Protein chains: 2
Amino acid sequence: MPDANGERPYHHGNLRAALLDAAQRGLRERGADQLSLRDLAKEVGVSHAAPRRHFPDRQALLDALAEAGFVHLDAALRTALAGADEGFPARLRATMTAYIRFATENAALLELMYTSKHRPGATQVVKAAEAPFGLMAELIAQGEEQGALDAADAERIGIVLFATVQGIASIINGNFVEPELLDGLVETAAEQFLRGARPLT
Amino acid sequence: MPDANGERPYHHGNLRAALLDAAQRGLRERGADQLSLRDLAKEVGVSHAAPRRHFPDRQALLDALAEAGFVHLDAALRTALAGADEGFPARLRATMTAYIRFATENAALLELMYTSKHRPGATQVVKAAEAPFGLMAELIAQGEEQGALDAADAERIGIVLFATVQGIASIINGNFVEPELLDGLVETAAEQFLRGARPLT
DNA sequence: ACCTGAACACCGTTCAAGT
DNA sequence: ACCTGAACACCGTTCAAGT
């Protein structure tokens with residue numbers, strides 16, 4: 001039982017949350033490669049074997065981080081959309097910009113999210129990704145209703161849009177183009193997308 | 001000196017090449033995480049400290065793999081272009097398809113290539129990426145000359161195209177969409193691109 | 001110049017045992 | 001149910017020493 005004096009902030013029901021919290025910081029500050037279960041356990045104040053109860057192995061913790069990443073990404077996109085104008089072009093740009101911002105501000109996390117560690121097994125991660133993918137599809141469907149798009153298949157076009165922003169993000173994060181080009185790339189992609197999907201006459 | 005009987009196939013000037021070769025196989029078969037310098041040394045038949053002469057640390061070997069990956073990618077794209085028809089739409093589709101094929105057939109390598117391990121320092125990797133990026137820009141420039149594109153800035157459009165295929169590849173490799181959708185996604189992206197960048201009248 | 005062998009500090013993972 | 005402590009096999013990295 002937890003002893004009477006308030007010496008230990010964790011250890012009861014929130015070891016898992018505490019570990020994830022520490023892992024999130026470590027990921028941001030030192031990258032996924034430097035994330036060690038033993039370190040995290042020490043940082044949180046438990047023995048090195050304690051995390052095993054909550055994460056059967058290291059990969060399980062990384063998967064949990066990726067899963068949480070998709071939840072946060074989805075929230076960021078929905079927040080951006082909530083604050084955007086009603087017109088489709090504005091909503092498109094707001095979503096793209098929010099994605100890129102999230103991706104560049106959480107570069108190590110993004111890597112983890114898309115890394116094919118999601119072999120057969122990590123269904124949770126794929127499941128969590130459905131929310132932002134769905135958001136993209138909804139956005140496209142709205143554009144069709146507004147008459148801004150001729151797109152027949154909202155889901156497929158949504159995936160291509162998703163892929164485009166994700167690709168821009170990974171090219172920027174990988175240092176393959178100068179960061180100054182970022183805004184221009186997003187704008188070029190948005191313009192091309194609007195022109196490419198607009199009704200023909 | 002190498003003793004007279006032909007017992008050792010390596011050890012002279014090609015330890016580096018032998019290590020890279022073994023690493024390439026290991027990467028494909030077990031992924032980058034499972035790549036161990038000690039294992040590679042054992043597989044090649046040298047002591048565990050020998051690789052240090054050629055790769056100062058583990059990251060240096062991973063960077064060398066990524067660098068070689070971009071060289072191979074560039075070759076694959078150029079081969080595809082050499083066999084394609086002259087018209088821009090055909091050349092565009094050939095390039096996109098070749099990229100996606102390379103990316104899905106070398107998923108673990110692709111991850112390594114784009115992983116932001118390329119922090120300040122790994123200039124070799126970024127340098128090696130310039131070839132395929134340049135190829136994309138050339139492709140766009142040809143499209144402009146043929147009158148198929150209105151694009152003002154070939155380099156920027158080329159980067160967006162690059163980002164789109166890379167994004168599709170990572171979404172497929174990450175298992176976020178069913179593989180059956182792949183061909184349709186590439187075709188949708190190609191159509192949108194052609195429509196988005198075509199002259200206005 | 002290139003490689004060996006021992007040593008160091010650190011891992012992830014397992015398991016009997018504690019509370 | 002949750003955590004501890006010892007143990008195991010394995011790392012990357014370093015360095016004196018060999019050839």
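Because the structure is a prediction, the values reported are computed rather than measured. Numbers restart at 1 for each chain; the letters A, B, ... are given by sequence-line order, proteins then strands.
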Under a 4.5 Å cut-off applied to non-hydrogen side-chain atoms, are [X] and [Y] in contact?
{"X": "A:N106", "Y": "A:R28", "result": "yes"}
{"X": "B:Y114", "Y": "A:Y114", "result": "no"}
{"X": "B:T188", "Y": "A:D153", "result": "no"}
{"X": "B:L92", "Y": "B:F193", "result": "yes"}

Among [options], the one nearest [X] by side-chain distance:
{"X": "A:H48", "options": "C:dG5, C:dG12, C:dT13", "value": "C:dT13"}
{"X": "A:A49", "options": "D:dC11, D:dT4, C:dG12", "value": "D:dT4"}
{"X": "B:L37", "options": "D:dC3, D:dT13, C:dT13", "value": "D:dT13"}

*Classify the nucleic acid contact of A:R38 as base, sugar-phosphate or nothing, counting any heavy atom under 4.0 Å across all strands shown.*
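Base: the residue A:R38, judged by heavy atoms under 4.0 Å, touches a nucleobase.
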*So what does A:R53 touch, heavy atoms closer than 4.0 Å: a base, only the sugar-phosphate, or nothing?*
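Base, at least one base atom sits under 4.0 Å.
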Within this structure, what is the [atom1]-to-[atom2] distance between [X] and [N], rounded to whole angstrom?
{"X": "B:Q59", "N": "D:dC11", "atom1": "CD", "atom2": "P", "value": "18 Å"}
{"X": "A:Q34", "N": "C:dC11", "atom1": "CD", "atom2": "P", "value": "9 Å"}
{"X": "B:R16", "N": "C:dC3", "atom1": "CZ", "atom2": "C1'", "value": "17 Å"}
{"X": "B:L40", "N": "C:dC3", "atom1": "CG", "atom2": "C1'", "value": "17 Å"}
{"X": "B:K42", "N": "D:dC10", "atom1": "NZ", "atom2": "C1'", "value": "9 Å"}
{"X": "A:R58", "N": "D:dA9", "atom1": "CZ", "atom2": "P", "value": "22 Å"}
{"X": "B:F55", "N": "D:dT13", "atom1": "CZ", "atom2": "C1'", "value": "16 Å"}
{"X": "A:D33", "N": "C:dC10", "atom1": "CG", "atom2": "P", "value": "18 Å"}

*Respond yes when some side-chain nitrogen or oxygen of A:S36 is under 4.0 Å from OP1 or OP2 of C:dC10, and no when none is.*
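Negative; the distance criterion is not met.
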*Considering every strand shown, what is the Watson-Crick or G-U wobble mate of C:dC10 when both distances are under 3.5 Å?*
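Pair assignment: C:dC10 / none.
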*asked:* Going by purine N1 to pyrimidine N3 plus the second Watson-Crick contact, or the G-U wobble pair, all under 3.5 Å, which nucleotide sits opposite C:dA16?
replied: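 Pairing partner: D:dT4.
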*For A:Y99 and A:Q166, test the side chains for any donor-to-acceptor distance below 3.5 angstrom and give the result as yes or no.*
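Yes.
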*Would you kindly compare B:P56 and A:A50 by the position of their nearest DNA chain D nucleotide and give the one closer to the 5′ end?*
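Counting from the 5' end, the first nearest nucleotide belongs to A:A50.
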